[in-house]
There are 2 protein chains.
Amino acid sequence: MTAPLDRTGSQSLWAQLEADLRRRIELGDFDRRFPTDLELTEEYEVSRHTVREAVGHLQRDGLLKRQRGRGSVIERGEFDQRLGALYSLFAEIEAQGVEQCSEVLFLGETVDDEVAAQLGLDAGSALFKLERLRFAGTEPLAVDRAWLPAELAAPLAGSDFSHTALYNELAARCGCRPDRGWERITPVVPTDEERALLALEDGTAAFRVERLGQYDGAAIEWRVTIIRGDRYRFFADWSAATPASLRLGPTH
Amino acid sequence: MTAPLDRTGSQSLWAQLEADLRRRIELGDFDRRFPTDLELTEEYEVSRHTVREAVGHLQRDGLLKRQRGRGSVIERGEFDQRLGALYSLFAEIEAQGVEQCSEVLFLGETVDDEVAAQLGLDAGSALFKLERLRFAGTEPLAVDRAWLPAELAAPLAGSDFSHTALYNELAARCGCRPDRGWERITPVVPTDEERALLALEDGTAAFRVERLGQYDGAAIEWRVTIIRGDRYRFFADWSAATPASLRLGPTH
DNA sequence: ACGTATTTGTTCGTATGTATT
DNA sequence: CAATACATACGAACAAATACG
């Protein structure tokens, strides 16, 4: 069933194992249950150390959660990846035990030449668009618009995004997930429409986060998120020795 | 020199080692050279595997770079990242060859109980206050207000801050410079006064950066900076492997 | 409620490969 | 070429958390 690993030294065993596990996760091979370390050592005929190295990478990338005594379970929840500032906001909220959900405002195909340019596509290219109002508990926290190349994102058409993270669906159905990219953050005065959606008062400001996600060198995601500035802000701790990494969190 | 690790099982050895290495990095212990794996195994009397676990975390957090044959070298990054976002803005502007200067709006002693509380001082304590309008070339970019304990900052009274950085004067005259602290960033609609100072149009937003600077564990600086949001914003590049670190720069 | 089996986490040891000095 | 230093890979044992009878 599983191809044996190449031991000529062309590539490390754990990297091959990791790649094969990613492939099989996307294929849905482990939908019922993810194998234990021992099972993987036997199936691939490698040491447990090698298994742990490979599975550890999957864990750090947020594809798995491992727990002593319980085993490894594939992460399907509303968990974007540990990537950039946007993720940290939603992770922080999750960590505080507030349930997140979304109201899907739009889901389907559109054409937008500006976005197409960001994604490196020709003008007029079909785009998959997902527009959501995101809630922390019952309180609206952000308006989130994401565009992906329609060709790539076609399998997402039937997904329910009210409780599912875009990246998890992308990984599960399209076999890819942004692995690099950049974000750009500006302060804005929200539009009337945004103010209405977010229940913002007059005279308040918001963050506008623009985000480009790349996979295998190609742009696959353009996202614009408007985040309430009265409830959320960026934090950074810094010291002379360590670089400051900002995170987004509630103002308390 | 280095405290031995606790082997009662209260915490994993690698976590203790990681913490100690972080501490020593901050202290500057390894400024000349970071130890090799072998040296760490001998110094801390743990196995190489344990060393790799600890140092691997530092590497993933971007504090170190490890290379075969070469060793581990501390990642000092760009100078801009080391002192938070505010510093990075001014460094970025400097790097682009734009001359910076400031118009001093206020320089002297004041009393402000809110600020005193931030600095951990008693209400009514005398504070040194510096308020500046900062320019990049001829264009105003930020309103910058800084408070320091008057006792500490007394030697700054006669300085000319129109062309001098606060930290350089602080280091030169007071013998200290913030080595740790935190920042908090919110989007705001500027006040009429701020809008006038920054030549901002109606309906534009700005960043409000609050900053607490510490030296030797004590708060020595409280700063509130209003930065034009139409000309400057935050950027972050991220990848699945390294955490995103944000920097502030012009919109171009 | 308790003890046992399972599963991941931690830690040691050892050997070899590969890139740099 | 030799020495150094990190990467990869094997093996083994115990600890800690969980699941199950």
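Residue numbering restarts at 1 for every chain, and letters A, B, ... go by the order of the sequence lines. Hydrogens, waters and symmetry mates play no part in the numbers below; they use all other heavy atoms, side chains included.
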Which of the following nucleotides, [options], is nearest to the side chain of [X]?
| X | options | value |
| --- | --- | --- |
| A:Trp14 | C:dG9, C:dT10, D:dT8 | D:dT8 |
| B:Ser47 | C:dT11, D:dA9, C:dG9 | C:dT11 |
| B:Ser12 | C:dT8, D:dA7, C:dT10 | C:dT10 |

First encountered from the 5' end of DNA chain D, between B:Asp37 and A:Ala15: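 Looking at the nearest nucleotide for each, B:Asp37 comes out on the 5' side.
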More 5' along DNA chain D: B:Gly71 or A:Arg7, using each one's nearest nucleotide?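 That would be B:Gly71.
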Listed pairs, N/O of protein and of nucleotides 14-20 of chain D, under 3.5 Å:
| unit_1 | atom_1 | unit_2 | atom_2 | d |
| --- | --- | --- | --- | --- |
| D:dA16 | O4' | A:Arg68 | NH1 | 3.0 |
| D:dA16 | O3' | A:Arg68 | NH1 | 3.0 |
| D:dT18 | O4' | A:Arg68 | O | 3.4 |
| D:dT18 | O3' | A:Arg70 | NE | 3.2 |
| D:dT18 | O3' | A:Arg70 | NH2 | 3.4 |
| D:dA19 | OP1 | A:Arg70 | NE | 2.9 |
| D:dA19 | OP1 | A:Arg70 | NH2 | 3.2 |

To the nearest angstrom, how far is [X] atom [atom1] from [N] atom [atom2]?
| X | N | atom1 | atom2 | result |
| --- | --- | --- | --- | --- |
| A:Leu5 | D:dT8 | CG | P | 15 Å |
| A:Tyr44 | D:dA9 | OH | P | 15 Å |
| A:Glu45 | D:dA9 | CD | C1' | 15 Å |
| B:Glu53 | D:dC6 | CD | P | 16 Å |
| B:Gln11 | C:dG9 | CD | P | 16 Å |
| B:Arg33 | C:dT21 | CZ | C1' | 13 Å |
| B:His49 | D:dA13 | NE2 | P | 17 Å |
| A:Gln59 | C:dT7 | CD | C1' | 13 Å |

For B:Glu169 and B:Thr164, which I'm curious about, is there any donor-acceptor pair between the side chains at under 3.5 Å?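 Result is no, nothing qualifies.
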Parallel, tilted or perpendicular for A:His57 and A:Trp14, by the 30°/60° rule? parallel
Please check if the number of heavy atoms outside A:Asp122 that lie under 6.0 Å from its CG is greater than 12. no
With a cut-off of less than 4.0 Å, is there a side-chain N or O of A:Ser72 near OP1 or OP2 of C:dT8? yes
Given D:dT8, is OP1 or OP2 found less than 4.0 Å from the side-chain N or O atoms of A:Thr50? no
Determine whether A:Ile185 and B:Ile185 make a side-chain contact, defined as any pair of heavy atoms from C-beta on separated by less than 4.5 Å.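 No. Closest side-chain heavy atoms not under 4.5 Å.
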[X] side, atom [atom1]; [Y] side, atom [atom2] - distance, nearest 0.5 Å:
| X | Y | atom1 | atom2 | result |
| --- | --- | --- | --- | --- |
| A:Arg132 | A:Arg145 | CZ | CZ | 13.0 Å |
| A:Glu131 | A:Leu105 | CD | CG | 5.0 Å |
| A:Ile220 | A:Leu170 | CD1 | CG | 5.0 Å |

